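These notes are about the structure you will find just below.
No hydrogens, no waters, no symmetry mates; every other heavy atom, side chains included, goes into these values. These figures come from a predicted structure and were not determined experimentally. Index from 1, following the sequence.
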Amino acid sequence: GAGEIAALSVSVPDSKFGIPIQRRGEIIELFKAHPWLTCLHVHVGSGGMGVEILVAGVKRVVQLALDINAAIGKPQVTVFDMGGGMPVNYGSEAWHTDKVPPFAAYAARLRAEVPALFPGADGS
């Protein structure tokens, strides 16, 4: 979804980057047709997004990777590239604020809500 800074929001369906996840059926078919496709990249963040939106975006693409692998019947998606990331505090010199939590908080939310992202988890 779009963040608070529209000019930096590249995770929207009309972005010039990538294929929108709303076209998941087409994405799965492309992976079936091209076995050399082994990576999914997601660029969430950069638009002033909080942890909730970042985690939700990562969760959707990790599920897509699991669905691709299930549809193909083998672990073809072996790399997940998470671009974008935590927002920057443009308003002050404070390192962490309500809108800019520490990276440890982001990692903890990812571990809790997207366990398949981490080595040793089911489906990884």
Practice prompt. Can you measure from CD1 (I68) to CD1 (I72) and round to the nearest 0.5 angstrom?
Written response: 6.5 Å

Worksheet, complete the sentence: To the nearest 0.5 Å, atom CD1 of I19 lies from atom CG of L30 at 5.5 Å

Item to complete: Compare every heavy atom of A65 with every heavy atom of V77, then report the nearest pair and how far apart it is.
Response: CG1-CB, 3.7 Å

Item to complete: Could you tell me whether the side chain of M82 reaches within less than 4.5 Å of the side chain of L110, counting heavy atoms only?
Response: yes

Worksheet item: From L66 CG over to F80 CZ, what is the distance, rounded to the nearest 0.5 angstrom?
Response: 10.0 Å

Worksheet item: Can you get from F103 to V55 by hopping between Ile, Leu, Val, Met, Phe, Trp and Tyr side chains that sit under 4.5 Å apart?
Response: yes

Worksheet item: Side-chain contact, heavy-atom cut-off 4.5 Å: V42 with D81?
Response: no

Worksheet entry | Heavy-atom pair with the smallest gap, counting every atom of Q76 and F31 | NE2-O, 2.9 Å

Worksheet entry | Interatomic spacing from CD1 in I27 to CG in L40 - rounded to 0.5 Å | 7.5 Å

Which pairs of donor and acceptor atoms, one on a side chain in residues 111-119, lie under 3.5 Å apart (sequence neighbours left out)?
residue	atom	partner	partner atom	Å
E113	OE2	R109	NE	2.8
E113	OE2	R109	NH2	3.1

Practice prompt. Just jot down the side chain to side chain contact (heavy atoms under 4.5 Å, CB included) partners of A71, sequence neighbours excluded, or say none.
Written response: I28, K32

Worksheet item: Which residue pairs pass the side-chain hydrogen bond (donor to acceptor under 3.5 Å, both in side chains) test with at least one member in residues 55-68, sequence neighbours excluded?
Response: R24-D67, Q63-D67

